[in-house]
Each structure stands twice: as structure tokens, then as C-alpha cells.
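Computed from heavy atoms alone, side chains included, the values below leave out hydrogens, waters and symmetry copies. Index from 1, following the sequence. First listed ligand is number 1; within each ligand, the first listed atom is number 1.
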Amino acid sequence: MECRIVTIPGDGIGPEIVREACKVLDKVAQVYGHSFRYQEVLMGGCSIDAYGVPLTEEALKAARESDAVLLGAVGGDVGNSRWYDVAPNLRPEAGLLAIRKGLNLFANIRPAYLYRELAEACPLKKEIIGEGFDMVIMRELTGGLYFGERHTEEAGGVLQATDTLTYNENEIRRIAVKAFGIAMKRRKSVISVDKANVLDSSRLWRKVVEEVAKDYPEVKLEHMLVDNCAMQLVMNPGQFDVVLTENMFGDILSDEASMITGSIGMLPSASLNESRFGMYEPSHGSAPDIAGKDLANPIATVLSAAMMLRYSFDLDKEADAIESAVQKVLTEGYRTPDIMSEGCKKVGTIQMGNLIAERI
Ligand code: IPM
Ligand code: MG
């Protein structure tokens with residue numbers, strides 16, 4: 001199979017983790033007889049530095065014409081970087097939002113799975129971890145607060161800022177359909193997370209999700225308020241199979257879910273549109289504090305590449321090969337600093353990439 005992949009290394013640790021993911025993809029290509037061609041484009045702070053904008057038309061076009069996009073991370077140290085005090089549409093993160101919107105990537109899939117080997121790195125008590133957990137967070141990605149109108153103004157000497165949260169029923173329906181579809185291939189349970197005791201958008205969310213649920217009688221649907229969900233994730237993570245939620249709640253809950261897997265450096269993600277096209281990226285940020293020091297964990301990006309093979313290219317066997325190579329490396333005791341525990345072998349970003357690639 002021949003695939004054209006646009007890579008967007010981005011800022012901070014982005015370039016070094018994308019490099020390792022491509023190394024692993026190259027090994028897959030060699031072993032299974034595929035050809036992956038890469039085209040690298042800039043996005044985020046590096047694009048601002050080079051072109052004055054976080055995402056150029058050309059970069060978006062290249063991404064649109066590719067078969068899939070592999071992204072590292074964008075942004076600097078929040079509040080403390082040269083990219084912070086600029087107009088909202090010129091910040092590094094605006095590039096990420098623009099590409100999500102521009103490619104209509106409304107469905108963000110973030111699987112959070114606890115590897116047995118990482119139980120030591122999981123901050124939860126053993127009794128809470130129990131048999132472990134294996135959940136998928138389905139986050140709506142192109143609506144809600146992130147894309148509502150926002151402005152800041154001064155009224156009578158008082159500064160006031162506004163962000164608006166809007167969802168229409170179609171936006172809710174299409175993400176709900178994806179969530180139920182995924183639940184059908186898993187343990188057939190959807191927990192839809194909202195704040196229906198306060199927000200109108202959440203009441204509509206609940207109503208539409210219930211309508212969609214009627215088409216999936218085998219799937220058990222429950223609703224959970226977002227504050228309760230945040231608590232349940234650290235109290236009983238094993239109860240979750242598919243978690244369906246809106247953009248902002250999904251952002252917050254997915255960080256929480258990633259941390260209980262042992263490290264935020266473990267969580268991959270796929271952002272999909274209606275077709276097979278997707279953008280694949282780790283759920284974590286650009287970690288500027290450790291950039292360029294060979295300390296970053298490339299596993300989330302490597303696993304994102306596996307998701308790309310599975311969802312965009314239908315290469316299940318090859319995706320399995322990457323996932324089991326990661327599993328092997330962990331079983332053999334290799335750890336990047338973020339998941340290090342006693343008795344294990346500490347390795348850097350590059351060596352972790354080599355170890356995974358060697359096991360394909
Ligand atoms: C994520 C990130 C982004 C988001 C930021 C960088 C804009 O936190 O992908 O979760 O909030 O969506
Ligand atoms: Mg986030």
C-alpha cells in the first residue's frame with residue numbers, strides 16, 4: 001500500500017516524538033511491504049516564527065490532500081512564551097483549532113488503557129485499579145466553547161470577557177453515532193457526560209444522544225454529570241467503556257484519564273471526519289521544559305501512528321504489530337523517565353523509538 005502522510009512536528013518535544021513515530025512506521029513499511037511518503041509542514045509557534053501565522057493556507061492544503069496527518073504538539077510555555085501575548089487567531093493553538101475545523105475533524109478518539117506493567121506508575125491505589133481499565137473517550141472536537149464567539153471588552157472601566165458554548169443537534173448526532181459505532185465493537189456501553197443540571201447545550205446533548213441510542217438497542221446508555229465523571233474516573237475507572245462528551249469536558253477528562261494510565265505520555269488520539277481521513281496526535285502538549293533533551297516519551301505518538309494505520313489505512317495487522325511492540329518493550333522493563341519505576345531500565349526518547357522499531 002502507498003500512503004501519503006503529512007507530518008506536523010510542531011513545537012517543543014513535537015519534532016523528537018514525531019521522528020520516533022516515523023522510525024516505527026518505516027519499520028512497518030519495510031516488514032510489511034508498504035510505502036509511506038512523508039511531507040513535513042509547519043504549524044503552531046514554528047509557523048508563526050517562519051510565516052507570521054500559526055497555519056498557512058499551503059499547510060492546510062497539503063494536509064487536506066494527504067491520506068492522513070501525523071502531528072506532534074504545538075504551543076509554548078503558556079503565559080510565558082513569545083507567542084502568548086498575541087491576538088487569539090495568531091496563537092500557536094489557533095493553528096491546531098484551524099486544522100481541526102478546516103479538515104472537519106469532529107470526532108476525537110482517545111483510548112485510555114492501563115498496561116499491567118505500568119500499574120506502579122498509576123497514581124491510584126491498588127484496590128481502585130482492580131483488574132485495570134480500558135476506556136475510550138470520544139470527544140467532540142469542532143464545536144462548543146472552542147469555536148464559539150469570544151471577545152474581551154471594557155465596560156465602565158471594568159474588563160469583561162465572553163466565551164460562548166453552542167451546539168446544534170447535527171453536531172451532537174454525528175459524534176454520538178461514532179461513539180455508539182465504537183461501543184458496538186467493544187463492551188457495548190456508552191456513558192454520555194454533560195452538565196444537564198445547568199447548561200442548555202447539555203440538555204440538548206442528552207436529548208439527541210437518547211435519540212441516537214434508539215438505533216443501538218444492544219448498547220447500554222447512561223448519563224453522567226461531568227463533575228461526577230471527574231470523580232468516578234479516580235474512584236472506579238473500570239466502569240467506563242466509551243465516554244461520549246463535548247469538546248471542553250473531553251479536553252479535561254482526557255487529561256485525567258491519561259494520567260491514571262501512568263503518564264500523560266502514553267495516550268494516543270485520532271481525530272476523524274466522516275470519511276476515513278484522520279489526524280493522529282498524542283493527547284499531551286508540547287512540554288517545552290523538556291524539549292530537545294531526549295527525555296520525552298514517544299509512546300503516545302507511536303500509538304497514534306498505530307491508530308492511523310488502523311483507522312485511515314485499514315492496516316489492522318500492522319497496527320497490532322506496533323501495539324504489541326510497545327507492550328513488549330514495557331514488559332522487558334524499558335521506561336522513559338515519566339513512567340520510570342524501581343528495577344526498570346531508564347531510556348531516552350530515541351532509544352525508546354529504536355526498541356519499539358526493533359520489535360516490529
Ligand atoms: C488537546 C490540547 C488542545 C486542546 C490545546 C493545545 C488547544 O489540550 O488536544 O487536548 O485543548 O484541544
Ligand atoms: Mg488537552
Side-chain angles (χ1 to χ4, degrees), residues 8-15 17-18 21 42-48 53-55 63 69-81 83-84 86-112 135-148 150 163 165 167 171 175 193 226 229-230 233 243-261 263-273 278-289 291 296-297 300-301 303-304 307-308:
I8 308 182
D11 307 313
I13 58 170
I17 53 181
V18 166
L42 298 185
M43 188 174 90
C46 57
S47 173
I48 297 175
V53 289
L55 180 71
V69 178
L70 182 66
L71 167 67
V74 295
D77 194 4
V78 174
N80 204 14
S81 88
W83 306 312
Y84 187 69
V86 296
N89 62 330
L90 292 180
R91 293 179 195 147
E93 292 78 7
L96 182 57
L97 301 194
I99 199 168
R100 286 174 179 170
K101 195 71 167 180
L103 301 176
N104 194 27
L105 304 172
F106 65 88
N108 183 219
I109 308 178
R110 298 187 164 183
M135 72 185 90
V136 170
I137 298 189
M138 286 291 298
R139 168 187 178 196
E140 199 292 325
L141 204 60
T142 51
L145 274 173
Y146 279 64
F147 294 94
R150 75 175 106 257
D163 294 282
L165 202 184
Y167 268 108
E171 290 170 314
I175 183 80
V193 176
V226 62
C229 181
L233 274 172
V243 177
L244 164 63
T245 193
E246 64 92 51
N247 205 345
M248 180 80 171
F249 298 160
D251 178 45
I252 299 167
L253 295 174
S254 62
D255 263 29
E256 191 186 358
S258 70
M259 195 54 224
I260 60 172
T261 67
S263 163
I264 190 164
M266 296 297 298
L267 206 79
S269 95
S271 306
L272 309 174
N273 64 16
M279 181 164 83
Y280 300 84
E281 59 179 302
S283 297
H284 60 70
S286 60
D289 52 322
N297 184 349
T301 318
L303 292 174
S304 301
M307 290 183 88
M308 175 170 85

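C229 has its side chain within reach of L253: a pair of non-hydrogen atoms, C-beta onward, lies under 4.5 Å apart. Residues Y146 and M248 form a side-chain contact, since some pair of their non-hydrogen atoms from C-beta on lies under 4.5 Å apart. Using a 4.5 Å heavy-atom cutoff, the side chains of I109 and M138 are in contact. The shortest distance between side-chain heavy atoms of L96 and L71 falls below 4.5 Å. Annotation: side chain of I48 is in contact with side chain of P92 (closest heavy-atom distance under 4.5 Å). When side chains are defined from C-beta on, T142 does not count as touching E171, because their heavy atoms never get closer than 4.5 Å.
Between E93 and ligand 1, no pair of N/O atoms sits closer than 3.5 Å. On a distance-only criterion, E281 and ligand 1 share no N/O pair closer than 3.5 Å.
The distance from ligand 1 to the heavy atoms of R100 drops below 4.0 Å at these ligand atoms: 1 (C), 4 (C), 9 (O), 12 (O).
Remark: of the listed residues L233, V136, V193, V193 is the sole one forming a side-chain contact (heavy atoms from CB on, under 4.5 Å) with V243.
Looking at D251 and the Mg ion (ligand 2) together, the shortest N, O or S contact belongs to OD1.
In this structure, the protein non-hydrogen atom closest to atom 5 (C) of ligand 1 is L96 CD2, 4.2 Å. The protein heavy atom nearest to atom 10 (O) of ligand 1 is D251 OD1, 2.9 Å. Regarding atom 11 (O) of ligand 1, its nearest protein heavy-atom neighbour is Y146 OH, 2.5 Å.
Looking at R139 against ligand 1, only its side chain comes within 4.0 Å, counting heavy atoms. At a heavy-atom cutoff of 4.0 Å, ligand 1 is contacted by the side chain of R110 but not by its backbone.
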